[in-house]
Amino acid sequence: MTPAAETVPRLRSWWGWGYQDAHPDEAECLALGALLPGTLARPLPVPRVADLAVGRPAVTPPPSLARLVSGDPDDRAAHAMGKAYRDIARALRGRPGRIPDLVARPTGDQEVADLLDWAGAHGVAVVPFGGGSSVVGGVEYRGDAHRAVLSLDLTSMDRVLEVDPTGRSARIQAGALGPVLEDQLRPHGLTLRHFPQSFEFSTLGGWLATRAGGHYATGRTRIDDFVQSLRVVTPAGTSTSWRLPASGAGPSPDRLFLGSEGTLGVITEAWMRVQERPRHKASAALAFTDFRRALDAVRTVAQTDLAPANCRLLDPGEALFSRASKDGSSVLVLGFESATGPVDDRLAAAVELARDHGGRLGADRSDGADGSDGGAVGAWRSAFLRMPYLRDGLARMGAVVETFETAATWDRIPALIEAVRAEVGAAARAATGQAATVNCRLTHVYPDGAAPYFTVAVAGRPGDEVAVWDDIKAAATDVLHRHRATVTHHHAVGRDHRPGYDRQRPEPFALALRAVKGALDPHGILNPGVLLD
């Protein structure tokens, strides 16, 4: 391979998940379609930007900002949507929605402030954009209340600016993608240890703005837990909180912006708690013939102080799909890691607790370099990373394939899972006339509850795939509300979860949020339609 070839970057897909060269080819799409009765005979063609109606920008930036702004059609189309099933299906049918007029890439706080000032003065909506991996409609504009739309891409602000090895903290710009961030921490022997499924294609700012959950099942898994202080540029001024280990000085200013999804300001940097890179890892998988007993096993482990890094329960359908099991068993994947000492004793203790509830230890116990070599654990990990690409392949076959997640207390978990399987499956059949697959896994577990993550797959109605998913999603939202389960555990609210969020949040809080929005964003330009109107 020539040096020039080695430096050629992989191309991101403008319409689908991840990299263009990782998408299923036509043969793989056909093989995927064969798994679902009623899908198309041939896959839909890969959509092209050239086939879209990308009009001229409705506004022109002033000369002082022109160097930061792009009106290129390919660039604009790549910033029109996130990566939810609704986005993929719309792109495949040539209906991506409103394409932003311009894409801006600021390199510092002052440029962010200048762009916000200009947008506010000219009625331009501003949609903050990190890696574009939103699966809840969080990075698109809907409606026509604004003269124009600016996608504010933060990825040019991607440096680790400062490292404090004494306090194990780092000051990091919000546009840093996961791999970029980790590459800069690695020479210091440190890691943020936040690895969502979208790790390659999402940014620190996106994680903070959406209160993202990482891969790890217990302990510090939510991005909230890593925040020491935030810097946020708003139309009303810049907010910089003090860097502190903890504070009891009134309501937390950081909590105001965590989860605000770009509606109150633009997070530009943060001091984050980092940690030593783990050196000791071990994992194991256990099979269960009784899913209810498997739930009890997970709850028992979660209520100890063992703190597994991974404690992921796959129901029979999920285990079969990921090839973690072929006999109809549920599978519990356990993993432990540490920077300071061996973890074998903790793994052994967790395995014994699971065996007390009927778990059968598999033959793939591992203490390899990544703690997930071979067997059910390795199969699950490979399927986990590949799944978004397979979803897009199934979408090309006209299938409706999407996920939704939630969290509830342990006393509600069994009935919630049963209700979702039954009612969401029935809604999918009513919408399509086809039988649906509804699988479940637990992604995060707590002493007082868990986060079930559901996957729905069914052959869609050709041309009406988005409407089918909207019907299914509405049924799912109703089930979650009745069982007092959150509308989202870690995917954020965006625009797709607004109906459920409006029902879940207390009205006094909504009143306060509207007041804050009016104070910080008086022109109403920041990510309109997200969290509140």
Side-chain angles (χ1 to χ4, degrees), residues 1 3 5-10 12 18-19 22 107-108 130-133 154-209 212-231 243 245 267-283 307-310 335-343 366-373 377-378 381-382 384-385:
M1 181 178 290
E6 291 177 0
T7 60
V8 174
R10 297 177 72 183
R12 290 277 302 274
Y19 296 112
T107 61
S133 62
L154 275 295
T155 53
S156 292
M157 299 171 63
D158 65 352
R159 290 178 297 147
V160 173
L161 299 171
E162 190 174 351
V163 174
D164 171 13
T166 303
R168 290 202 304 194
S169 305
R171 183 163 66 99
I172 307 169
Q173 289 184 304
L177 292 159
V180 173
L181 183 159
E182 288 292 332
D183 285 348
Q184 293 177 75
L185 291 176
R186 188 172 290 107
H188 301 276
L190 299 171
T191 176
L192 181 59
R193 195 183 176 268
H194 185 77
F195 300 108
Q197 189 177 32
S198 61
F199 172 73
E200 288 182 279
F201 312 114
S202 55
T203 61
L204 173 63
W207 302 341
L208 295 166
H215 164 76
Y216 295 104
T218 68
R220 283 186 180 178
T221 188
R222 301 195 64 86
I223 197 66
D224 314 36
D225 301 324
F226 298 95
V227 175
Q228 201 174 55
S229 72
L230 294 180
R231 184 171 174 84
R243 180 188 168 208
I267 299 171
T268 59
E269 66 179 60
W271 271 98
M272 303 297 294
R273 299 179 177 97
V274 294
Q275 53 198 290
E276 293 181 44
R277 304 185 69 82
R279 294 187 295 273
H280 306 274
K281 298 185 180 184
S283 64
N310 200 358
F336 289 83
E337 64 177 39
S338 171
T340 57
V343 293
S366 169
D367 58 0
D370 66 358
S372 61
D373 300 330
V377 178
R381 179 176 173 81
S382 296
F384 175 76
L385 296 174

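Bear in mind the structure is a predicted one, so any value in this text is a computation, not a measurement.
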What is the distance from atom [atom1] of [X] to atom [atom2] of [Y], rounded to the nearest 0.5 Å?
| X | Y | atom1 | atom2 | result |
| --- | --- | --- | --- | --- |
| W271 | E162 | CH2 | CD | 3.5 Å |
| D225 | R273 | CG | CZ | 8.5 Å |
| T268 | Q173 | OG1 | CD | 8.0 Å |
| D158 | L204 | CG | CG | 11.0 Å |
| R159 | T107 | CZ | OG1 | 8.5 Å |
| R186 | H188 | CZ | NE2 | 11.5 Å |

Salt-bridge present (E182, R277; N to O < 4.0 Å):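 Between R277 and E182 there is a salt bridge, with a charged N closer than 4.0 Å to a carboxylate O.
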
Pair E337 + R193: basic N to acidic O under 4.0 Å: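 Salt bridge present between E337 and R193.
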
What are the two closest heavy atoms between [X] and [Y], and how far apart are they?
| X | Y | answer |
| --- | --- | --- |
| G167 | S169 | O-OG, 3.1 Å |
| A174 | T203 | O-CB, 3.4 Å |
| H194 | G214 | CE1-N, 3.3 Å |
| W207 | L181 | CZ3-CD1, 4.2 Å |
| T218 | A307 | OG1-C, 3.4 Å |
| G205 | I267 | O-CD1, 4.5 Å |

Q228 and R243: side chain donor to acceptor below 3.5 Å: yes

Partner residues of F201 under the ring pair (Phe, Tyr, Trp, His ring centres under 6.0 Å) criterion, sequence neighbours left out: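 F201 satisfies ring pair (Phe, Tyr, Trp, His ring centres under 6.0 Å) with W17, Y19 only.
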
Pair V160-I172, side chain to side chain contact (heavy atoms under 4.5 Å, CB included): steps then yes or no: CA-CA 4 Å; V160 173; I172 307 169; 4.1 Å; yes

Under 3.5 Å donor-acceptor, S133 side chain and G131 backbone: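 No.
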
N/O donor-acceptor pair under 3.5 Å between R279 side chain and A339 backbone: yes

Full working for side chain to side chain contact (heavy atoms under 4.5 Å, CB included) between Q184 and V163: CA-CA 10 Å; Q184 293 177 75; V163 174; over 6 Å; no

Side chain to side chain contact (heavy atoms under 4.5 Å, CB included) evaluation trace for K281 with V343: CA-CA 7 Å; K281 298 185 180 184; V343 293; 5.6 Å; no

E200 vs L177 side-chain heavy atoms within contact, under 4.5 Å: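 Not in contact.
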
